[in-house]
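Notes follow the structure.
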Number of protein chains: 4
Amino acid sequence: MASRGINKVILVGNLGNDPEIRYTANGGAIANLSIATSEQWKDRNSGEMREKTEWHRVVIFGKLAEIAGEYLRKGSQVYLEGKLQTRKWQDQQGQDKYTTEVIVDINGVMQMLGGGAGGRSGGDNYQQQSSQQNYGQQQNYGQQGQQNQGGFNQNQGGGQQSAPQQDSGFSDNFDDDIPF
Amino acid sequence: MASRGINKVILVGNLGNDPEIRYTANGGAIANLSIATSEQWKDRNSGEMREKTEWHRVVIFGKLAEIAGEYLRKGSQVYLEGKLQTRKWQDQQGQDKYTTEVIVDINGVMQMLGGGAGGRSGGDNYQQQSSQQNYGQQQNYGQQGQQNQGGFNQNQGGGQQSAPQQDSGFSDNFDDDIPF
Amino acid sequence: MASRGINKVILVGNLGNDPEIRYTANGGAIANLSIATSEQWKDRNSGEMREKTEWHRVVIFGKLAEIAGEYLRKGSQVYLEGKLQTRKWQDQQGQDKYTTEVIVDINGVMQMLGGGAGGRSGGDNYQQQSSQQNYGQQQNYGQQGQQNQGGFNQNQGGGQQSAPQQDSGFSDNFDDDIPF
Amino acid sequence: MASRGINKVILVGNLGNDPEIRYTANGGAIANLSIATSEQWKDRNSGEMREKTEWHRVVIFGKLAEIAGEYLRKGSQVYLEGKLQTRKWQDQQGQDKYTTEVIVDINGVMQMLGGGAGGRSGGDNYQQQSSQQNYGQQQNYGQQGQQNQGGFNQNQGGGQQSAPQQDSGFSDNFDDDIPF
DNA sequence: TTTT
DNA sequence: TTTT
């Protein structure tokens with residue numbers, strides 16, 4: 001997982017809608033969130049307060065996606081840490097379009113924050129651990145040996161299926177299942 | 001304000017106590033916060049969940065300190081962005097002691113988050129300096145106008161006194177007023 | 001400048017091209033950068049190393065834009081801190097297009113890093129506004145004149161005492177004082 | 001690895017000395033770094049430039065520690081991402097002492113940056129992956145005991161399939177594959 | 001103790 | 001289009 005560069009996004013905002021959850025052929029969860037952050041300032045001419053809201057498209061993978069689907073609702077406040085990714089696609093007219101999203105994958109962080117409309121108050125922070133490229137490796141986490149058994153798979157869900165499934169999902173069916 | 005290096009801390013946590021507010025001779029506010037962040041994990045041997053709480057000493061200056069004093073309470077959840085700073089001091093026995101704090105000054109960010117015990121739900125994000133007054137400008141950039149006159153002082157409080165006061169406080173009475 | 005939410009991007013990457021600099025009618029500088037970050041990983045099936053590069057559109061305002069134009073070149077490595085912003089525009093066919101950019105404005109941070117193709121090694125970190133030590137400078141913000149018209153130029157380089165003083169230091173003596 | 005709160009430190013700075021590397025009984029590497037970040041500003045009274053350097057104690061675990069030991073030198077510039085941790089200890093007089101460190105563990109990030117005195121220019125970013133299961137371990141680092149004795153070696157280099165495989169890739173072919 |  |  002060596003990389004040249006840092007590509008990090010940190011958002012604290014509220015969901016504009018309930019999360020949209022879908023699954024890859026391999027059972028990996030993917031959650032799409034629309035997150036609002038807003039800024040207010042006093043207009044220098046009118047002296048009135050103005051506000052601008054920025055909407056962020058967030059795509060969450062794996063266990064975090066499941067948690068998002070279960071606990072986040074329209075209005076929920078959430079902390080998210082991910083990376084920027086731009087994907088190209090064609091609309092119905094065959095026109096090239098580009099969409100930039102915040103990807104919260106196995107390296108990302110999600111923390112539910114209190115006070116959202118639909119959210120549970122308080123909230124836990126989940127970190128998927130390990131990195132996107134390591135999927136294959138995570139697969140075996142806790143499978144043998146003593147150490148850390150119960151490590152990843154427990155965090156990630158049931159019977160060490162979760163991460164692996166997801167991984168397969170990503171590598172095998174990525175093109176078909178995920179629209180970016 | 002050129003600098004070599006980046007020194008940034010980002011915390012999301014809860015106050016262990018009400019903020020302690022004090023003022024410099026020049027009226028600048030200083031807030032001391034004790035912030036808890038905690039981590040949970042499953043012990044690999046026992047399989048039990050374990051938890052560790054880390055306590056952070058946070059020192060906030062200026063307008064943000066005033067806001068902290070007014071709106072944050074024991075239990076409040078808050079987002080903070082500041083920098084690390086270690087100061088040396090002597091205890092009563094003349095022993096050297098070092099304390100590392102997270103400094104949230106004019107470059108820092110504070111955002112109250114919903115759901116804290118004492119906190120107001122929801123919460124606004126305050127950034128001490130500059131900034132958002134200029135957002136309108138960015139949109140208009142190049143359009144001019146007299147915009148943002150009164151910029152900083154408006155952000156910082158009344159009659160452009162705030163930041164200046166604070167500034168004086170820091171430069172003139174720093175040694176006397178602030179114990180680090 | 002209260003806001004609900006945090007919208008923060010941190011990038012460390014290399015410029016794909018020389019910065020493109022332009023100026024507003026009021027003399028405010030704007031720099032457009034194309035920044036690459038890349039990830040490498042070992043493919044779990046083939047065992048081969050794979051790499052994916054992400055390109056980021058970065059727009060820098062004000063004094064930082066001037067510094068970028070002067071010191072950054074194709075290949076330079078840079079640390080950037082800004083916010084996400086998506087703008088809508090129409091192409092020649094009148095089709096709606098959306099572009100997401102990383103905005104490095106008066107709240108942003110830029111630090112040149114050593115080792116880039118075109119960059120000088122070493123490098124200083126510039127933060128557009130103030131910092132704790134700059135209190136005195138901020139002091140005068142908005143106090144007189146048409147300051148800050150034209151977006152950033154006044155905050156950052158105009159005739160004021162405050163930030164400008166500091167800025168003058170940078171803009172006037174940059175070549176002499178700063179070794180990169 | 002659920003947690004309440006975010007505890008994140010981001011540093012870009014230079015090493016004041018060569019890294020100090022040690023190993024746990026289980027072969028896990030631990031690197032201690034002393035990292036400088038500095039700020040400059042123009043004194044508002046004297047008009048002179050002033051500078052303040054902050055020194056950060058950084059403790060790196062696991063594979064990243066090995067890489068630090070191999071590639072970082074006094075003067076090297078590095079990007080680090082970790083968490084704050086304060087530990088209590090007694091000096092020879094039995095006095096309680098507290099030391100706050102930046103912990104770069106399996107959730108941390110390290111990226112070597114170009115231009116350092118001892119560093120090779122360029123540099124790759126390493127992310128250890130995986131997570132908080134290791135927190136308990138960090139407490140024991142170097143002391144051994146049973147838990148995570150060896151710190152990360154199990155996660156990162158022991159007999160497991162998962163992460164270790166990946167790690168092997170890096171440790172075995174590092175010199176050949178990675179050009180820094 | 002670094003770096004500029 | 002960068003970098004390694």
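Please read all numbers here as calculations on a predicted model, not as lab measurements. Numbered from 1 within each chain, the chains take letters A, B, ... in sequence-line order.
- The CD-P distance, from C/E51 to F/dT2, rounds to 12 Å in whole Å.
- For A/K8 and D/E81, the salt-bridge test passes: some basic side-chain N is under 4.0 Å from an acidic carboxylate O.
- Proximity note for D/N17 (side chain, C-beta onward) versus F/dT3, E/dT1, E/dT2: the nearest is E/dT1.
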Sequence neighbours left out, cut at 3.5 Å: what donor-acceptor pairs do the side chains of residues 52-62 of chain C make with other protein atoms?
residue, atom, partner, partner atom, Å
C/K52, NZ, A/Q85, OE1, 3.0
C/E54, OE2, A/T86, N, 2.6
C/H56, NE2, C/T37, OG1, 2.9

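- When rounded to the nearest whole Å, the span between CD of C/E54 and C1' of F/dT1 equals 13 Å.
- Stacking of the aromatic ring of D/W55 onto the base of E/dT2 is not found under the criterion of centres within 5.5 Å and planes under 30°.
- Residues passing the side-chain hydrogen bond (donor to acceptor under 3.5 Å, both in side chains) test with B/Q90, sequence neighbours excluded: B/D96.
- The distance from atom CD of D/Q111 to atom C1' of F/dT2 is 13 Å, rounded to the nearest whole Å.
- One finds no salt bridge joining D/K74 and D/D18 here, because no Lys/Arg side-chain nitrogen approaches an Asp/Glu carboxylate oxygen to under 4.0 Å.
- Look at CG on C/L15: it is 11 Å from C1' on F/dT3, rounded to the nearest Å.
- Comparing atom distances between the D/K74 side chain and each of E/dT3, E/dT1, F/dT2 picks out E/dT1 as nearest.
- Atom P of nucleotide E/dT2 and atom OH of D/Y79 are separated by 25 Å, given to the nearest angstrom.
- Here the side chain of D/S34 is nearest to one of F/dT2, E/dT1, F/dT1, namely E/dT1.
- Within 3.5 Å, a donor on the side chain of C/Q40 pairs with an acceptor on the base of F/dT4, or the reverse.
- Among E/dT3, E/dT1, F/dT2, the nucleotide with an atom closest to any side-chain atom of D/S38 is E/dT3.
- Between the CZ atom of D/R57 and the C1' atom of E/dT1 there is a distance of 12 Å, given to the nearest Å.
- Look at CD on D/Q77: it is 10 Å from C1' on E/dT2, rounded to the nearest Å.
- Between D/E39 and B/K83 there is a salt bridge, since at least one side-chain N of the basic residue sits less than 4.0 Å from a carboxylate O of the acidic one.
- The side chain of C/T53 approaches F/dT2 more closely than any other nucleotide in the set F/dT4, E/dT2, F/dT2.
- The interatomic distance linking D/L113 (CG) with F/dT4 (P) rounds to 12 Å, in whole Å.
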